[in-house]
Trainee: 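A single structure is presented below for examination.
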Amino acid sequence: MKRYVANFLYCEGFYKLAEEWSRLEQEAHLLKTQGPRLSLNLWAVDSINTFMLPRVFRNLTSHQPLIKLQIHTLHSYHLYSEIEKRHIDVAYSLRERVHPNVKVEKCFTSPMVVIRPSDRSGYSSEKIHPKELNPDYEFFMPWGLEYQSWHDYWWDPLSISRIKLDSTHLLLYLLKDSMQWAIIPKYIANEAIKSGNYKIYELTHSPPDYTVYKLTHMKQTLLKQKALEAWDSLFQKYF
């Protein structure tokens, strides 16, 4: 049994080393055929890709040297393993975890607010107590484990009447009746009232802030590091 475990660990270590050499060989080939071309494979959860990163994406098109960017949407719980496998260069998650070879940095926070359809857009001077909100009319968005714990404290987690969804665009599209409500990050509420009629309320007992974590692999090649530095310089202009 011990010999089997030792052989398994040896093979696993050899496989990771071979994978690293293969990656370096591919980058050397790109350097030879295309020159020092920068590229990034970026993945994030829906709310970040939809409302947070587009302004960075738009300005990246004029960056010199040019950066080839691939953008995808994925749930938080998949992002760590994809970074570990090097399938992703940079990711943005709502979950903080300890994961081998993954560097985790807190990069953005936003308070949470209540949004409701209204004849006039804007922020209300009134604060709402959570118990004043009828869960039968809630559109629930999963904003992370801490938010889920806070939510379960105020409302029955076994309620079957609540509408659950994971697309912020769909949430704003469906949110039409004045009885309906949802809890969203304030920065998304700011964008929502620019294009629709919504009333925004603060809560008397606020949930944990919406927190975004940037994920990258701890070991980067020179070209990938340059691409990440270029991306970070643009990101920091806005957040």
Side-chain angles (χ1 to χ4, degrees), residues 43-57 71-77 79 91-96 106-157 159-214 235 238-239:
W43 294 62
V45 297
D46 170 77
S47 60
I48 298 171
N49 264 346
T50 303
F51 290 94
M52 184 175 169
L53 297 182
R55 64 187 74 176
V56 188
F57 296 150
I71 306 164
H72 302 273
T73 301
L74 194 68
H75 289 293
S76 282
Y77 50 82
L79 293 172
Y92 291 91
S93 172
L94 301 183
R95 295 189 180 188
E96 182 181 24
K106 182 188 291 187
C107 65
F108 178 78
T109 60
S110 175
M112 304 292 283
V113 294
V114 176
I115 185 171
R116 289 184 124 157
S118 175
D119 293 336
R120 292 184 177 181
S121 287
Y123 279 80
S124 172
S125 58
E126 303 175 26
K127 287 190 175 184
I128 296 181
H129 191 284
K131 287 299 183 182
E132 294 179 50
L133 296 167
N134 186 340
D136 290 341
Y137 295 97
E138 180 188 15
F139 285 9
F140 176 82
M141 292 284 293
W143 299 118
L145 297 177
E146 290 186 4
Y147 174 78
Q148 183 71 59
S149 297
W150 175 88
H151 193 278
D152 290 349
Y153 176 82
W154 292 107
W155 297 285
D156 181 6
S159 171
I160 59 173
S161 59
R162 187 178 303 126
I163 298 174
K164 298 182 179 181
L165 61 167
D166 62 1
S167 167
T168 322
H169 260 317
L170 181 60
L171 165 68
L172 296 177
Y173 178 78
L174 296 175
L175 201 62
K176 300 299 181 184
D177 190 291
S178 60
M179 292 291 290
Q180 296 168 338
W181 60 276
I183 297 177
I184 64 174
K186 188 175 182 178
Y187 86 95
I188 295 180
N190 291 339
E191 295 298 319
I193 59 179
K194 292 178 183 178
S195 56
N197 291 329
Y198 301 101
K199 202 73 169 179
I200 310 300
Y201 302 84
E202 293 183 1
L203 286 153
T204 57
H205 298 74
S206 299
D209 284 350
Y210 172 96
T211 302
V212 178
Y213 299 95
K214 174 191 166 190
F235 183 91
Y238 300 98
F239 304 103

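Nothing fancy with the numbering, it's 1 onward along the sequence. Keep in mind that what you see is a predicted model, and the values were worked out from it rather than measured.
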Trainee: State which residues pass side chain to side chain donor-acceptor pair (under 3.5 Å) with Lys186; sequence neighbours excluded, sorted by chain then number.
Mentor: none
Trainee: So do Pro117 and Asp177 actually touch side chain to side chain, heavy atoms under 4.5 Å?
Mentor: no
Trainee: Is there a side-chain contact between His129 and His205, using heavy atoms and a 4.5 Å cut-off?
Mentor: yes
Trainee: To the nearest 0.5 Å, tell me how far Ile184 CD1 sits from Leu171 CG.
Mentor: 6.5 Å
Trainee: Would you check if the side chain of Asp209 reaches a backbone N or O of Thr211 as a donor-acceptor pair within less than 3.5 Å?
Mentor: no
Trainee: Residues in side chain to side chain donor-acceptor pair (under 3.5 Å) with Tyr187, at least two apart?
Mentor: Tyr210
Trainee: Mind checking whether Met112 and Ser206 have side chains closer than 4.5 Å, heavy atoms only?
Mentor: no
Trainee: With the side chain counted from C-beta on, respond yes when Leu203 and Val114 share a heavy-atom pair under 4.5 Å apart, and no when they do not.
Mentor: yes
Trainee: For Lys176, does the NZ atom have more than 12 heavy-atom neighbours from other residues, nucleotides or ligands under 6.0 Å away?
Mentor: yes
Trainee: Roughly how far, to the nearest 0.5 Å, is the CG atom of Leu174 from the CD atom of Gln180?
Mentor: 8.0 Å
Trainee: Of the options Trp43, Phe239, Phe235, which is the one that meets Tyr92 in a ring-ring contact (aromatic ring centres under 6.0 Å, His included)?
Mentor: Phe235
Trainee: So, for Trp181 and Pro135, which heavy atoms are closest and what is the spacing to 0.1 Å?
Mentor: CZ2-CA, 4.1 Å
Trainee: In this structure, are over 12 heavy atoms from other groups packed under 6.0 Å from Phe57 atom CZ?
Mentor: yes
Trainee: Do we see a donor-acceptor contact under 3.5 Å between the side chains of Ser118 and Asn197?
Mentor: no
Trainee: How would you list, by chain and number, every residue that makes a side-chain contact (heavy atoms from CB on, under 4.5 Å) with Ser149, sequence neighbours excluded?
Mentor: none
Trainee: NZ of Lys106 to CD of Glu96: how many Å apart, nearest 0.5 Å?
Mentor: 7.0 Å
Trainee: List the steps and the verdict of side-chain contact (heavy atoms from CB on, under 4.5 Å) for Asp119 and Lys199.
Mentor: CA-CA 8 Å; Asp119 293 336; Lys199 202 73 169 179; over 6 Å; no
Trainee: Under 6.0 Å between ring centres, would you say that holds for Trp155 and Trp150?
Mentor: yes
Trainee: What are the two closest non-hydrogen atoms of Ile188 and Ser47, and how far apart are they?
Mentor: CD1-CB, 4.0 Å
Trainee: Going by the rule salt bridge (Lys or Arg N to Asp or Glu O under 4.0 Å), which residues pair with Lys131 if we only count those two or more places apart in sequence or in a different chain?
Mentor: none
Trainee: Show the numbers, then the answer: is there a side-chain contact (heavy atoms from CB on, under 4.5 Å) between Arg95 and Leu145?
Mentor: CA-CA 7 Å; Arg95 295 189 180 188; Leu145 297 177; 4.0 Å; yes
Trainee: So, Trp143 side chain and Ile183 main chain: donor-acceptor pair closer than 3.5 Å or not?
Mentor: yes
Trainee: Is there a side-chain contact between His75 and Asp166 (heavy atoms, below 4.5 Å)?
Mentor: yes
Trainee: Are any non-hydrogen side-chain atoms of Arg116 and Tyr198 less than 4.5 angstrom apart?
Mentor: no
Trainee: Would you tell me whether Asp46 and Thr73 have side-chain atoms, one donor and one acceptor, within less than 3.5 Å of each other?
Mentor: no
Trainee: Going by salt bridge (Lys or Arg N to Asp or Glu O under 4.0 Å), name the residues that satisfy it together with Glu146, two or more places apart in sequence or in a different chain.
Mentor: none
Trainee: Looking at the rings of His169 and Phe51, which for Trp means the six-membered one, are their centres under 6.0 Å apart?
Mentor: yes
Trainee: Between CZ of Phe140 and CG of Leu165, what distance do you get to the nearest 0.5 Å?
Mentor: 10.0 Å
Trainee: Would you please test His151 and Glu138 for side-chain contact (heavy atoms from CB on, under 4.5 Å) and show each step?
Mentor: CA-CA 12 Å; His151 193 278; Glu138 180 188 15; 2.8 Å; yes
Trainee: Between CG of Leu53 and CD1 of Ile71, what distance do you get to the nearest 0.5 Å?
Mentor: 8.0 Å
Trainee: Is there side-chain contact between Ile48 and Val212, with at least one heavy-atom pair below 4.5 Å?
Mentor: yes
Trainee: Tell me if the CD atom of Gln148 is crowded by more than 12 foreign heavy atoms within 6.0 Å.
Mentor: yes
Trainee: Step by step, would you call Ser124 with Ile200 a side-chain contact (heavy atoms from CB on, under 4.5 Å)?
Mentor: CA-CA 6 Å; Ser124 172; Ile200 310 300; over 6 Å; no
Trainee: With Lys194, which residues qualify under salt bridge (Lys or Arg N to Asp or Glu O under 4.0 Å), at least two apart?
Mentor: Glu191
Trainee: Tell me, do Val45 and Leu74 make a side-chain contact under 4.5 Å, heavy atoms counted?
Mentor: no
Trainee: Going by distance alone, is a donor N or O of one side chain under 3.5 Å from an acceptor N or O of the other, for Asn190 and Tyr123?
Mentor: yes
Trainee: Between the main-chain N or O of Leu79 and the side-chain N or O of Ser93, is there a donor-acceptor pair closer than 3.5 Å?
Mentor: no
